[in-house]
Asks: 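Before anything else, here's the structure in question.
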Number of protein chains: 2
Amino acid sequence: MSSNSREAILAAAKLTAQAHGYSGLNFRDLAAEVGIKAASIYHHFPSKADLGAAVARRYWEDSAAYLETLLAESTDPAACLRQYPGTFRKALESGNRMCLCSFMAAEYDDLPEPVKKEIRTFTDINVAWLSKVLVAVTALSPEKSEPRARAIFAAITGAQLMARSRADVSLYDALIESYRAASLLPA
Amino acid sequence: MSSNSREAILAAAKLTAQAHGYSGLNFRDLAAEVGIKAASIYHHFPSKADLGAAVARRYWEDSAAYLETLLAESTDPAACLRQYPGTFRKALESGNRMCLCSFMAAEYDDLPEPVKKEIRTFTDINVAWLSKVLVAVTALSPEKSEPRARAIFAAITGAQLMARSRADVSLYDALIESYRAASLLPA
DNA sequence: TTCATCCTACCTATCAGTTGGTAGGTCGAT
DNA sequence: ATCGACCTACCAACTGATAGGTAGGATGAA
């Protein structure tokens, strides 16, 4: 068992943050979901900022691992790229949530610095992955693939936001399809 | 003078909401900025939800008026379309704010219904305008221009979010340029 | 083997600060 | 005398955070 609560707290905080952001996180609700008292969370995380940073860090670590697995298990980078938008679709599917870091990007100015840092890292990892895959898939040079990668990531973030505010996953799919039709994303 | 405070409250609330969202709005800070006491705001707006809805409504009304003026004063729809991303740039320029409705789209699930309604209207107006202009500028049919309009709007929202989280207006410009290069937006 | 010590993982109780909101009063202009 | 615009003085609910305590297991020396 040892420190199982820590994992439970991280998991619950992730779900809440995906739906209500960093400011939507509160120790009492979080504790209730985990089955402990609010004060006990401080045993695992010294402050809300630490908890937020830990959640965001875990989030990009998992994302990075998933993206690397995707590339490692496939011989076709183009197929990986096609799957990429789907990774952001999952959150929308279950409970109209969205990518933790896309959400927190909106709150960015009000975030504690440690949390900001993890959010930036999430973006950087995604842009780097996209850029790498774009070089393999398209005729884009490394210098041109990075701006393109950033554009794709930003556009996907926007698609999540729009689909979420209509509580309509199919709108997300339609937007991604439009991005392909407009050749922002390779078809 | 009459009810000048009402306008001052709306103006201050707009700026705050663009920087910190609906949940970031609070009556005490708002009142202090306007120069009255918190309780006096209730004389003009019966609740926070009403204030939020009024701010969002005023926001899309101003946007709609501006967009129509843009079209009316120009004989070239293509020039209007080129100017469109610039309307979202202004908020980023001054104080790293963003479009009120793009921000509130993130908080959407926690918004009171009257506020949600105004946010949807803002999106609808923008998509309708873009769609109309796209028909005039490109060879897209009305049926194909609306999905494209939605894609453009979503992508611009994402660009705002990304630029804001890096506090870098030039990143916004670069993203818009990438959208044009990828022919999501007409060049 | 026993006992003192320490640690982990929680608890209760409480804090100060902030939130949206209300009750009831003041005051000047019409 | 009425009324719009504003005030003071509250309130309950909720926020992140702290102080101090407890039960139970591990550790290590006698």
Side-chain angles (χ1 to χ4, degrees), chain A residues 1-17 19-56 103-104 106-116 118, chain B residues 1-17 19-57 100 103-104 106-116 118:
Chain A
M1 282 285 168
S2 78
S3 179
N4 211 335
S5 281
R6 194 191 149 90
E7 289 303 313
I9 293 167
L10 280 175
K14 176 190 164 188
L15 291 182
T16 305
H20 309 287
Y22 177 80
S23 68
L25 278 177
N26 83 79
F27 280 58
R28 276 153 186 89
D29 291 355
L30 210 52
E33 268 173 71
V34 174
I36 58 175
K37 293 302 160 100
S40 303
I41 296 179
Y42 289 92
H43 179 69
H44 302 282
F45 304 95
S47 74
K48 184 179 176 181
D50 286 284
L51 170 61
V55 171
F103 201 134
M104 288 192 178
E107 310 176 278
Y108 193 80
D109 276 14
D110 298 319
L111 256 32
E113 182 51 41
V115 183
K116 285 183 177 175
E118 306 301 335
Chain B
M1 283 286 167
S2 78
S3 179
N4 211 334
S5 280
R6 195 192 148 89
E7 289 303 313
I9 293 166
L10 280 174
K14 175 190 163 189
L15 291 182
T16 305
H20 309 287
Y22 177 79
S23 69
L25 276 178
N26 82 79
F27 281 59
R28 278 157 183 84
D29 291 354
L30 210 52
E33 268 174 71
V34 174
I36 58 175
K37 293 302 158 105
S40 304
I41 297 180
Y42 289 92
H43 181 68
H44 302 282
F45 304 95
S47 74
K48 184 178 176 180
D50 286 284
L51 171 60
V55 171
R57 176 170 205 101
L100 199 164
F103 201 134
M104 289 192 178
E107 308 176 280
Y108 193 80
D109 276 14
D110 298 321
L111 257 31
E113 183 50 42
V115 183
K116 284 183 177 174
E118 307 301 334

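Lettering follows sequence order; numbering is per chain, from 1.
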Asks: Give the rounded distance in Å between these two atoms: CD1 of B:Ile9 and P of D:dA5.
Replies: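 The distance from CD1 of B:Ile9 to P of D:dA5 comes to 11 Å, rounded to the nearest Å.
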Asks: Below 4.0 angstrom from OP1 or OP2 of D:dC7, is there any side-chain N or O of B:Ser40?
Replies: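 The answer is yes; a side-chain N or O of B:Ser40 sits under 4.0 Å from OP1 or OP2.
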Asks: Side chains of A:Tyr108 and A:Met104: does their closest heavy-atom pair fall under 4.5 Å?
Replies: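 Not in contact.
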Asks: Nearest-Å distance, NZ (B:Lys37) to C1' (D:dC6)?
Replies: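 My rounded result for the distance is 10 Å.
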Asks: If I take atom CZ in residue B:Arg6 and atom C1' in nucleotide D:dA5, what distance separates them, rounded to the nearest angstrom?
Replies: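 Atom-to-atom, B:Arg6 to D:dA5, this comes out as 14 Å.
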Asks: Return the value, rounded to whole Å, for the distance between atom CG of A:Leu51 and atom C1' of D:dG16.
Replies: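 Answer to the nearest Å: 12 Å.
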Asks: If only side-chain N and O atoms of A:His43 are considered, is one of them under 4.0 Å from the OP1 or OP2 phosphate oxygen of C:dA9?
Replies: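 It does, given that an N or O in the side chain of A:His43 lies less than 4.0 Å from OP1 or OP2 of C:dA9.
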Asks: Kindly confirm or rule out a cation-pi arrangement of A:Lys48 over A:Tyr42, judged by NZ or CZ under 6.0 Å from the six-membered ring centre and within 45° of its axis?
Replies: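 Here A:Lys48 fails the 6.0 Å and 45° test against A:Tyr42.
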Asks: Answer yes or no: does atom NZ of B:Lys14 have more than 12 heavy-atom neighbours from other residues, nucleotides or ligands under 6.0 Å?
Replies: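 Incorrect, the count does not exceed 12.
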Asks: Taking side chain to side chain contact (heavy atoms under 4.5 Å, CB included) as the definition, give me every residue that meets it alongside B:Ala19, ordered by chain and number, with sequence neighbours left out.
Replies: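 Once residues adjacent in sequence are excluded, the partners of B:Ala19 under the side chain to side chain contact (heavy atoms under 4.5 Å, CB included) criterion are B:Arg97.
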Asks: How would you summarise protein contacts on nucleotides 20-30 of chain C per nucleotide, using B for base, S for sugar-phosphate only and - for none, with heavy-atom distances below 4.0 Å?
Replies: BBB--------
Asks: Can you tell me how far P of C:dC10 sits from CG of A:Leu30, to the nearest Å?
Replies: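 Roughly 13 Å, once rounded to whole Å.
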Asks: Could you pull out the closest heavy-atom pair between B:Ser40 and B:His44, with the gap in Å?
Replies: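 Looking at all heavy atoms of both residues, the shortest contact is O-CD2, 3.5 Å.
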Asks: Whole angstrom is fine here: how far is it from CG in A:Asn4 over to P in C:dT8?
Replies: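 Between P of C:dT8 and CG of A:Asn4: 17 Å.
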Asks: B:His44 side chain N/O closer than 4.0 Å to the phosphate oxygens (OP1, OP2) of D:dC6?
Replies: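 So the side-chain polar atoms of B:His44 do come within 4.0 Å of the phosphate oxygens OP1 or OP2 of D:dC6, strictly under.
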Asks: Where the side chain of A:Glu107 meets the backbone of A:Tyr22, is there a donor-acceptor pair that is under 3.5 Å apart?
Replies: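 Between the backbone of A:Tyr22 and the side chain of A:Glu107 there is a qualifying donor-acceptor contact (under 3.5 Å).
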